[in-house]
Amino acid sequence: MKMLDTLLSGGPFMMVLVAIFCIIIFISIKNINEPFKTNSIVLLGISSALFGILGTYIGLNAAFSAVPQISNISPEILINGIKTSLITSYAGGIIMLFSALAWYYFVKKHNLINA
């Protein structure tokens, strides 16, 4: 339950990352028997990493722009906000790693590189 709460605290960017991950899984399942848009697996993975970094930037920008307006801010509140904003970057990186491994596996399995 803690993991689900952590993922949901990532906000709308996290929902998009979950959708991208589901699409990668779908394309990977279609690739098991025959090649099906194999290069889109790695493209979606890279997109998820960039989308995660964008979510982190927006979250950190909002957090740091609110700091001057608060006279006494607890360091724990600020650190927890920064941890929450980094969730999308972590998730995007993990999705990118998974997609790169899946892409490499399917390229080797279906012999798609003519070198």
Side-chain angles (χ1 to χ4, degrees):
M1 202 59 160
K2 175 79 171 149
M3 182 65 147
L4 182 62
D5 292 337
T6 302
L7 290 178
L8 291 177
S9 69
F13 286 94
M14 196 63 205
M15 297 304 130
V16 173
L17 289 175
V18 169
I20 290 174
F21 185 66
C22 290
I23 293 169
I24 290 171
I25 295 293
F26 174 77
I27 294 173
S28 296
I29 290 171
K30 296 275 286 185
N31 263 299
I32 290 175
N33 294 326
E34 60 185 43
F36 177 77
K37 300 187 181 198
T38 306
N39 288 334
S40 63
I41 293 173
V42 76
L43 180 64
L44 285 168
I46 292 170
S47 300
S48 71
L50 292 175
F51 202 74
I53 291 169
L54 176 67
T56 297
Y57 169 74
I58 290 172
L60 287 176
N61 189 23
F64 288 140
S65 66
V67 168
Q69 299 170 357
I70 303 171
S71 60
N72 290 330
I73 186 167
S74 168
E76 291 85 16
I77 293 173
L78 186 62
I79 294 300
N80 284 333
I82 291 172
K83 280 185 355 185
T84 301
S85 71
L86 291 174
I87 291 171
T88 54
S89 288
Y90 295 146
I94 291 169
I95 292 170
M96 185 183 75
L97 178 66
F98 172 79
S99 69
L101 293 174
W103 173 80
Y104 183 76
Y105 172 76
F106 290 123
V107 163
K108 287 296 187 180
K109 179 180 179 181
H110 299 301
N111 199 16
L112 297 176
I113 296 179
N114 297 326

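Distance CD1/Ile25 to CG/Leu44: 11.5 Å, rounded to 0.5 Å. From Leu43, atom CG reaches atom OG of Ser99 across 9.0 Å, with rounding to the nearest 0.5 Å. Atoms CD1 and OH, on Ile32 and Tyr105 in that order, are 8.0 Å from each other to the nearest 0.5 Å. Here the CG atom belonging to Asn39 is positioned 6.5 Å from the CH2 atom belonging to Trp103, to the nearest 0.5 angstrom. A distance of 13.0 Å separates OH of Tyr90 from CE of Met14, quoted to the nearest 0.5 Å. To the nearest 0.5 Å, atom CD1 of residue Ile23 and atom OG of residue Ser28 are 11.5 Å apart.
In this structure a side-chain-to-backbone donor-acceptor pair under 3.5 Å is present from Thr56 to Ser85. With hydrogens and angles disregarded, a donor-acceptor distance shorter than 3.5 Å links the side chain of Ser40 to the backbone of Lys37.
Tracing side-chain contacts under 4.5 Å through hydrophobic residues (I, L, V, M, F, W, Y), one reaches Phe51 starting from Ile58; they form part of the same cluster. The hydrophobic cluster containing Leu17 also contains Phe98, counting ILVMFWY residues as joined when their side-chain heavy atoms lie under 4.5 angstrom apart, directly or transitively. Both Ile20 and Tyr57 sit in one connected hydrophobic cluster of ILVMFWY residues. Membership requires side-chain heavy atoms under 4.5 Å apart, directly or through other members. The cluster map of Ile, Leu, Val, Met, Phe, Trp and Tyr, joined by side-chain heavy atoms under 4.5 Å apart, puts Ile87 and Leu54 in the same cluster. Each of Ile53 and Leu97 belongs to its own hydrophobic cluster when Ile, Leu, Val, Met, Phe, Trp and Tyr are linked at side-chain heavy-atom distances under 4.5 angstrom.
When every heavy atom of Leu112 is checked against every heavy atom of Phe106, the shortest pair comes out as CD1-O, 4.3 Å. Here the closest heavy-atom approach between residue His110 and residue Asn31 is recorded as NE2-O, 2.6 Å. Nearest heavy atoms, Ser48 versus Met96: OG-N, 3.9 Å.
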Inset, instruction - I would like to know whether Tyr104 and Ile41 meet side chain to side chain contact (heavy atoms under 4.5 Å, CB included); could you show each step before the answer? - result: CA-CA 10 Å; Tyr104 183 76; Ile41 293 173; over 6 Å; no

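Aromatic ring orientation, Phe36 versus Phe26: perpendicular (interplanar angle above 60°, classes split at 30° and 60°).
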